[in-house]
Amino acid sequence: MDGSGVAALRGGCLPRAAAADIMRAVATLGAVGMKRFANLKRLGFFTRLLDEAPPADRYRFAAEQIVRAEKAGLDSAWIAQHHFHEREGGLPSPFTFLGYVAAQTSRIRLGTGIVTLPLENAVRVAEDAAVLDLLCDGRFELGVGTGGNPSAFAAFGLDGAQRNEIFARNLEVVRTALAGKPLTGGDTLYPQRPQLDGRIWQATFSVAGGARAGKAGDGLLLSRTQPRAKDAPRATLAEIQNPIIDAYLEALPPGREPRIMASRSVFVADDHREAMRLADIGLRRALPQFMKGGHLPPGETLAEMITAFDTHVGAADEVIASLRGDATLERVTDLVFQAHSVDAPHPYILRSIELVADKVAPALGWTRTAAQDVALAG
């Protein structure tokens, strides 16, 4: 933490106990030193489209954030699909939205994180993915998962208890269709896009899911946070996710290059005090939904909530130190950051994107490509 951050804490902008907790946490993380993540190849931005705004503005803001990410030199941008529940995510139609964004960008890769595959018609997913990939000149990454609120399954006439079986069946249909193989009835996909089979990613919370993704040769998507077991309430995210990575790597076919993406909650501001003010608002607002997701109750202080939400927040030097303390990131090829659950106003998210690209990610080992540097200079 820089001198202004320490002064802000001591100056009383937070309750004394919360300030002391945060200062101790930052001091501990700072001791990690100048760790750089040797495997980190790509940096991405992620949004669940949760801006406090009407739907049309949510979509406009998200598009502007992705455009800003491209201008900042980021490698990828990812969006989530959610049906019905606007407090969880604001976008039921990811392919439509990414087509809109593709027309406003030229270089950044565009991904779904995720398509809730059990709730979709598998042939239509393959068709939409193929068309989108053609329209954006091969920049599309297809992330899929079993997710979805149980009530959403009921609305689609499905049994949520069968989500894993439906997912496996639908993913096989997607692969068959993309490859141009005959589907039930004999028809084949148009347009065919077999190269997309090498750009499928699977999201999972479990060791079994990691093994499933590895066996298929797909990429592995790791969440920004996961519920802790009652018998291990203080487990770190690394302690939960490293076994998933182990299973993924063990199952990966020989010669197949690992693709391991970790999403992380990251919000950076120019001023420590402003970052903490916005974090306090956002995390407390998100708390009811957080608890519904199976997470254990956090403490009352802001520092305890930041820890419970697995959030990296503050000025750039604080966020660098915090991310260096996440041992999972030593093993990932892709780091994707999202402002959730801080969910700051749109201008602050735009600024956070710039600060991550300019200050935070380079300190962790990410470098812009020569093409990105040329684009930024232009």
**Message:** With clusters defined by side-chain heavy atoms of hydrophobic residues (ILVMFWY) lying less than 4.5 Å apart, directly or transitively, does M291 cluster with V342?
**Reply:** yes
**Fill in**
CD of E354 to CD1 of I349, rounded to nearest 0.5 Å, is 12.5 Å
**Request:** Establish whether M276 and L278 are linked, either directly or via other cluster members, by ILVMFWY side-chain heavy-atom contacts under 4.5 Å.
**Result:** yes
**Message:** Strictly below 4.0 Å, N to O, side chains only: are K35 and D326 in salt-bridge contact?
**Reply:** no
**Partner set under ring pair (Phe, Tyr, Trp, His ring centres under 6.0 Å) for Y248, not counting sequence neighbours** = none
**Message:** Could you go through R368 and D358, starting from their C-alpha distance and side-chain angles, then the distance that decides it, and tell me whether this counts as salt bridge (Lys or Arg N to Asp or Glu O under 4.0 Å)?
**Reply:** CA-CA 10 Å; R368 292 188 179 98; D358 293 342; 2.7 Å; yes
**Prompt:** Any chance CD of E250 has more than 12 other-residue heavy atoms, nucleotides or ligands included, within less than 6.0 Å?
**Reply:** no
**Request:** Identify, with sequence neighbours excluded, every residue that meets ring pair (Phe, Tyr, Trp, His ring centres under 6.0 Å) alongside F140.
**Result:** F95
**Test side chain to side chain contact (heavy atoms under 4.5 Å, CB included) applied to P194 - qualifying residues, sequence neighbours left out** = Q192
Could you pull out every donor-acceptor pair under 3.5 Å between side chains of residues 166-174 and any protein atom, sequence neighbours left out?
| residue | atom | partner | partner atom | Å |
| --- | --- | --- | --- | --- |
| N170 | ND2 | L117 | O | 3.0 |
| N170 | ND2 | E120 | O | 3.2 |

**Item:** Within one Ile-Leu-Val-Met-Phe-Trp-Tyr cluster: V67 and F61, side-chain cutoff 4.5 Å
**Value:** no
**Message:** Between R60 and D57, does any NZ, NE, NH1 or NH2 come within less than 4.0 Å of an OD or OE carboxylate oxygen?
**Reply:** yes
**Asked** Yes or no on side chain to side chain contact (heavy atoms under 4.5 Å, CB included) for L222 and R331, after CA distance, side-chain angles and deciding distance?
**Response** CA-CA 12 Å; L222 298 173; R331 308 178 71 186; over 6 Å; no
**Exercise: do S263 and Q338 side chains pair donor with acceptor under 3.5 Å** = yes
**Message:** Could you check whether any side-chain heavy atom of L355 comes within less than 4.5 Å of a side-chain heavy atom of V360, counting everything from C-beta outward?
**Reply:** no
**Asked** Taking E70 for the side chain and I108 for the main chain, is one N or O donor matched with an acceptor at less than 3.5 Å?
**Response** yes
**Atom of Y59, atom of L91 and distance for their closest heavy-atom approach** = CE2-CD1, 3.7 Å
**Request:** Identify whether the distance between the nearest side-chain nitrogen and carboxylate oxygen of D334 and R109 falls below 4.0 Å.
**Result:** no
**Message:** One pair to check against side chain to side chain contact (heavy atoms under 4.5 Å, CB included): F153 and D159. What are the steps and the verdict?
**Reply:** CA-CA 6 Å; F153 280 82; D159 182 357; over 6 Å; no
**Request:** Evaluate side chain to side chain contact (heavy atoms under 4.5 Å, CB included) for L249 paired with I245, printing each intermediate quantity in order.
**Result:** CA-CA 6 Å; L249 293 173; I245 295 176; 3.8 Å; yes
**Prompt:** Does the side chain of R163 pick up a donor-acceptor pair with the side chain of T146 at under 3.5 Å?
**Reply:** no
**Prompt:** So, do E127 and L189 sit near enough that their side-chain heavy atoms are less than 4.5 Å apart?
**Reply:** yes
**Request:** Give the minimum heavy-atom separation between G219 and A213, together with the two atoms involved.
**Result:** O-CB, 4.0 Å
**Gap separating the CG atom of L237 from the OG1 atom of T307, nearest 0.5 angstrom** = 12.0 Å
**Request:** Decide if atom CD of E300 counts as having more than 12 heavy atoms of other residues, nucleotides or ligands within a radius under 6.0 Å.
**Result:** no
For residues 48-56, please give each side-chain donor-acceptor pair under 3.5 Å, one per line with the distance, not counting sequence neighbours.
| residue | atom | partner | partner atom | Å |
| --- | --- | --- | --- | --- |
| R48 | NE | E88 | O | 2.9 |
| R48 | NH2 | E88 | O | 2.4 |
| E52 | OE2 | R87 | NH1 | 2.8 |

**Side-chain touch H340/T47, heavy atoms, less than 4.5 angstrom** = yes
**Prompt:** Considering all heavy atoms of both residues, which atom of R284 and which atom of T301 are nearest to each other, and what is their separation?
**Reply:** NH2-C, 4.2 Å
**Message:** Contact between P92 and E86 at the side-chain level, heavy atoms closer than 4.5 Å - yes or no?
**Reply:** no
**Complete:** Contacts of V101 meeting side chain to side chain contact (heavy atoms under 4.5 Å, CB included) (sequence neighbours excluded), chain-then-number -> A63, I66, F97, T105, L110
**Asked** Of R175, R199, R256, R212, which meets salt bridge (charged side-chain N to carboxylate O under 4.0 Å, His left out) against D218?
**Response** R175
**Asked** Hey, quick one: are V266 and V336 part of the same hydrophobic cluster, counting side-chain heavy atoms closer than 4.5 Å, chains of contacts allowed?
**Response** no
**Message:** Within the 4.5 Å heavy-atom criterion, are W78 and M261 side-chain neighbours or not?
**Reply:** yes
**Request:** Decide yes or no for F337 and L43: does some side-chain heavy atom of the first lie under 4.5 Å from some side-chain heavy atom of the second?
**Result:** yes
**Spacing of CZ belonging to F45 relative to OG belonging to S352, to within rounding of 0.5 Å** = 8.5 Å
**Request:** Search all heavy atoms of N242 against all heavy atoms of T328 and return the closest pair with its distance.
**Result:** OD1-CA, 4.1 Å
**Prompt:** Once you round to the nearest 0.5 Å, how far does OG1 of T333 lie from NZ of K41?
**Reply:** 6.5 Å
**Message:** Can you give me the closest heavy-atom contact between Y348 and R277, atom names plus distance?
**Reply:** OH-NH2, 4.2 Å
**Request:** Flag the pair H346 / Q65 as yes when at least one side-chain heavy-atom distance between them is below 4.5 Å, and no otherwise.
**Result:** yes
**Point-to-point distance, once rounded to the nearest 0.5 Å, from CG of L283 to CD of E304** = 12.5 Å
**Item:** Nearest-0.5 Å distance, CZ of residue R107 to CG of residue D75
**Value:** 6.5 Å
**Request:** Give the intermediate values and the outcome of side chain to side chain contact (heavy atoms under 4.5 Å, CB included) for residues N39 and V332.
**Result:** CA-CA 6 Å; N39 293 322; V332 305; over 6 Å; no
**Message:** Just so I know, are the side chains of D310 and R224 near enough to count as touching, which here means a heavy-atom distance under 4.5 Å?
**Reply:** no
**Asked** What is the minimum heavy-atom distance between F205 and S223, and which atoms define it?
**Response** CE1-CB, 3.3 Å
**Request:** Kindly work out whether a path of hydrophobic side-chain contacts (I/L/V/M/F/W/Y, heavy atoms less than 4.5 Å apart) joins I353 to I79.
**Result:** yes
**Prompt:** Does any N or O in the side chain of R139 come within less than 3.5 Å of the main-chain N or O of C136, such that one atom is a donor and the other an acceptor?
**Reply:** yes
**Request:** Would you indicate whether Y190, at its atom OH, is surrounded by more than 12 heavy atoms from other residues, nucleotides or ligands within a distance under 6.0 Å?
**Result:** no
